[in-house]
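One structure is given here, and the rest of the page talks about it.
Predicted, not measured: the structure shown is a model, and the values here were computed from it.
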Amino acid sequence: MSTYKNIQNMEGATEMSEDQEDFVDGAEFYCKNTNDKIWVNSTDQNGNFYFKCIDRDPEHKPSIEFAVRHRKEDEYKNIFCLYSLLQNKLKQTIISPNPKLEKTFGEYCVVINDPNEFLRRIFKASEKLLLKSRAVFGFITYVNDEDKPAIMLNPFEKLKRFIYQNEARFVLDINGQKSNLQYFEVGDLSDIVQLVSTKDLVYNARLINGNLYIGDKFICNGGK
């Protein structure tokens, strides 16, 4: 796991591809110029600096894009990100993962063959971790920011440009305690996971008689 703060520091210090870097992750408010609106700096009657959104002057076309993080406590929320392999239940087929994953995942990846049991263990472990901890699991909603000068975001929302990631997240809210839980201990998971080739995940995941196979490995019943 990593906190938002650590992720932001890592992305600032590490050279990443456009597909990996997401400076908006963890932001509450995301702003950018559009064809109709622009953001400019201004000051209020007390001399305090702020940005405001105004109609675009055709002669004034600066490029600006920024993320606002008002909720300081969110910097220390610990998150664990997972990829969701999707299926078309009507056609009983796997929706092919984006080939970009072959580069971002590495040569191999771990597949969870019993997601419900995995979540049960995650929540059980989080209850023991801190008396005030609160664990939340959810799938990411990808927000269309096209032609919108500003959008609100939460820990389960990302920009639409990352929709190929099919991301789900486990978020541990530790109520402002500045703890980095990179090694959040949940116990032995070897009975509910399998190591597979990322290339097989991307190009050779399929349903056969309702069962999920990746390469030549049986993973689970496709209903899981």
Original post:
Hey, is CZ on F123 packed in by over 12 heavy atoms from elsewhere, all under 6.0 Å?
Top reply: yes
Original post:
Looking at I112, I219, I94, which one forms a side-chain contact (heavy atoms from CB on, under 4.5 Å) with L85?
Top reply: I94
**OP:** Answer with yes or no whether the hydrophobic clustering places F139 together with L82; edges join I, L, V, M, F, W, Y residues whose side-chain heavy atoms lie under 4.5 Å apart.
**Re:** yes
Subject >> Pairwise distance CG(L189) to CG(N113) - rounded to 0.5 angstrom >> reply: 10.5 Å
Subject >> N/O donor-acceptor pair under 3.5 Å between E157 side chain and N154 backbone >> reply: yes
Original post:
Are C109 and L201 close enough that some pair of their side-chain heavy atoms sits under 4.5 Å apart?
Top reply: yes
Original post:
Are L86 and L212 connected in the hydrophobic side-chain network, where two residues link if heavy atoms are under 4.5 Å apart?
Top reply: no
Original post:
CG of N166 to CG of N98: how many Å apart, nearest 0.5 Å?
Top reply: 8.5 Å
Original post:
If Ile, Leu, Val, Met, Phe, Trp and Tyr residues are connected whenever their side-chain heavy atoms lie under 4.5 Å apart, and connections chain through other members, are Y164 and V202 in the same group?
Top reply: yes
Subject >> Atom pair NZ (K160) and OH (Y142), whose distance is rounded to the nearest 0.5 Å >> reply: 12.5 Å
Subject >> Pairs satisfying ring-ring contact (aromatic ring centres under 6.0 Å, His included), at least one member in residues 193-214, at least two apart >> reply: Y213-F218
**OP:** Please report the closest heavy-atom contact between R161 and D145, naming both atoms and the distance.
**Re:** NH2-OD2, 4.3 Å
Original post:
Quick one: salt bridge (Lys or Arg N to Asp or Glu O under 4.0 Å) pairs with a partner in residues 190-208, sequence neighbours left out?
Top reply: R121-D191
Subject >> Minimum heavy-atom distance between V111 and V196, given as atom pair plus value >> reply: CG2-CG2, 3.4 Å
Subject >> Atom pair CG/OG of N204 and S197 - distance to nearest 0.5 Å >> reply: 9.0 Å
Subject >> Verdict with reasoning, V193 to F118, per side-chain contact (heavy atoms from CB on, under 4.5 Å) >> reply: CA-CA 9 Å; V193 301; F118 173 73; 5.8 Å; no
Original post:
Taking the side chain as C-beta and beyond, is there a heavy-atom pair between E167 and F162 under 4.5 Å?
Top reply: no
**OP:** Flag yes if more than 12 heavy atoms outside N88 fall under 6.0 Å of its CG atom; otherwise flag no.
**Re:** yes
Subject >> V136 and F156, any side-chain heavy atoms less than 4.5 Å apart >> reply: yes
Original post:
When the ring planes of Y83 and F105 are compared, do they come out parallel, tilted or perpendicular, using 30° and 60° as the limits?
Top reply: perpendicular
